[in-house]
Amino acid sequence: MTVTIVGSQLGDEGKGGVVDLYGDAADVVARYQGGDNAGHTVVYDGEKYKLSLVPSGAVRGKVGVLGNGCVVNPETLFSEIDGLRERGLEPDVRVAERAHAILPYHCVLDGIEEDAKDGLAAGTTKRGIGPTYEDKAGRRGVRIGDLLDPETLRTRLEYVVPQKQALAEEVFGIETGEEFDVEYLYDTCLEYGERLAEEEMTVDAGTFLQERIDAGENVMLEGAQGTSIDIDHGVYPYVTSSNPTAGGACVGTGLGPTVVGSGDVIGIVKAYLSRVGTGPLPTELGGVEGQTPAYEGGDDSPEEELATYIRNEGGEYGTVTGRPRRVGWLDMPMLRHAARASGFTGLAINHIDVLAGLEEVEVGHAYEFDGEEIFTVPPTTEKWGRCEAIYRTFEGWDEVDWRAVAEEGYDAIPDNAQTYLEYIADELDTPIYAIGVGPAREETIVLENPFDA
Ligand code: GDP
Ligand code: IMO
Ligand code: MG
């Protein structure tokens with residue numbers, strides 16, 4: 001059977017932790033979209049692992065698959081595998097031959113296109129994600145399987161690279177280097193291919209996964225990013241270029257919708273919002289320069305203070321840049337939209353410990369849009385930007401010994417936090433499977449294990 005893990009908001013909801021939590025019963029963990037724009041954290045036994053491409057099951061020694069829906073930068077994949085090996089893990093990662101390769105020119109183009117976009121920039125991770133998916137859709141991409149086939153590889157590169165070079169030089173006016181040189185790329189790609197072949201990493205992902213399922217094994221499908229940055233269902237154009245929603249788990253692995261749909265689809269919810277990037281966020285508290293639309297710097301308002309409090313408690317600062325992330329109250333229209341788009345059968349709600357100590361906790365229960373009350377997100381981003389949150393206020397809960405709470409179970413959660421959790425489950429008409437009260441595996445309360453069904 002399969003269990004699918006989907007981000008229900010804007011990414012960084014704690015998906016990696018949930019994959020690790022339920023990973024014991026899984027035999028294989030497969031990513032179905034995205035690439036090294038993801039950063040999934042697993043905290044176990046005092047160790048913290050930040051995984052970008054290697055599926056989060058690696059911490060438990062599970063086989064990892066990067067499905068055909070992923071975009072894979074072999075360079076970063078290899079360095080991540082090497083880094084994990086140095087830390088004593090033995091990542092066993094298989095890569096779909098149908099997955100598209102992120103090549104050096106994609107990363108360069110991601111950077112210059114973002115700079116050129118100005119008001120339309122999503123604030124991408126500059127990992128080449130968008131340009132690689134563009135080439136996939138434009139039928140000029142280089143796939144992982146091509147890296148092992150010198151003749152096809154040369155044909156592909158000779159076709160696409162001069163186009164990319166012309167784009168960079170003539171449209172964007174930059175001077176290009178080896179990233180746009182066919183011979184350099186050919187040699188580099190062959191080296192990637194050699195390592196992939198040596199370590200027997202390439203697979204036909206759909207067949208590989210289906211065979212494991214037919215043999216009675218459990219497969220976890222690990223989504224990256226989140227519903228509101230899904231290219232179809234998110235805040236377009238401030239989105240990523242793939243489908244984190246559950247439909248992506250089918251096309252991105254080669255498993256049929258009936259296979260994926262016969263297992264649980266778990267929506268991962270952060271108890272508040274965090275956002276890295278631009279676009280509207282009706283429940284935002286305060287703002288972050290360069291990301292919050294029309295924001296012109298902070299003041300000493302209670303909202304800014306709250307934002308700083310939540311940001312500090314939740315560690316909502318960029319792991320690489322240290323830049324503050326945007327934060328906001330939970331947004332129920334956003335969650336209703338996510339629950340529908342992916343058909344959640346269960347929820348994992350994380351970070352309720354982060355909100356502890358606040359007198360009151362607010363939730364955007366609905367939006368006011370052009371004088372009307374609406375309960376889900378409008379289809380255009382311009383309309384979303386005009387929505388004003390209509391809040392519900394919940395009494396806060398105190399800081400407690402969350403490890404002890406996790407040990408004791410649900411009833412030990414402070415009453416007001418229980419009320420908050422039950423409100424979310426009721427509104428989404430979906431049961432809670434797990435509650436995160438801290439980053440570590442043992443700081444989680446499990447109410448339901450989807451693999452036990
Ligand atoms: P992902 O991208 O969805 O896998 O999430 P990230 O790993 O990028 O971000 C989640 C962050 O919150 C990580 O630092 C996790 O270790 C941490 N985390 C996950 N669950 C909880 C929780 O319940 N409480 C707290 N305080 N931190 C959590
Ligand atoms: P995980 O899997 C949060 C955001 C970027 C940017 C937009 C497009 O860790 O939850 P891209 O590089 O994908 O073209 O950037 O999407 N973004 C994420 N935000 N978590 C992520 O992944 C993200 N991956 C991309 O900040 O706004
Ligand atoms: Mg993340």
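Just follow the structure's listing: the first ligand is 1, and inside any ligand the first atom is 1. We're numbering straight along the sequence, starting at 1.
Backbone or side-chain N, O or S atoms of G39 reach the Mg ion (ligand 3) at under 2.8 Å.
Side-chain contact annotation: Y192 with E75, donor-acceptor N/O pair under 3.5 Å present. Donor-acceptor pairing under 3.5 Å is recorded for the side chains of E284 and T292.
For ligand 2, the atoms sitting less than 4.0 Å from at least one non-hydrogen atom of G11 are 3 (C), 10 (O), 20 (N), numbered in the order shown with element in parentheses. Set against the non-hydrogen atoms of H40, the atoms of ligand 1 under 4.0 Å away are 1 (P), 2 (O), 4 (O), 7 (O). Atoms of ligand 2 lying under 4.0 Å from any heavy atom of K15, numbered from 1 in the order shown and given with element: 1 (P), 2 (O), 10 (O). For ligand 2, the atoms lying closer than 4.0 Å to a non-hydrogen atom of L10 are 3 (C), 19 (N). Each of the atoms 2 (O) of ligand 2 lies under 4.0 Å from some heavy atom of A224. Which parts of ligand 2 touch R275 is read off a 4.0 Å heavy-atom cut-off, strictly below it: atoms 27 (O). Residue contact check: D12 has heavy atoms under 4.0 Å from atoms 1 (P), 3 (C), 9 (O), 10 (O), 20 (N) of ligand 2.
Looking at atom 13 (O) of ligand 2, its nearest protein heavy atom turns out to be T240 OG1, 2.6 Å. Here the protein heavy atom with the shortest distance to atom 2 (O) of ligand 2 is H40 NE2, 2.7 Å.
Of the options H351, R441, K15, the smallest heavy-atom separation from atom 27 (N) of ligand 1 is shown by H351. For atom 21 (C) of ligand 1, the choice among G17, A440, G438 with the nearest heavy atom turns out to be G438.
Distances from ligand 2 to the non-hydrogen atoms of G39 include at least one value under 4.0 Å. The closest approach between a heavy atom of S241 and any atom of ligand 2 is not below 4.0 Å.
Side-chain atoms of S274 do not come within 3.5 Å of backbone N or O of E316 as any donor-acceptor pair.
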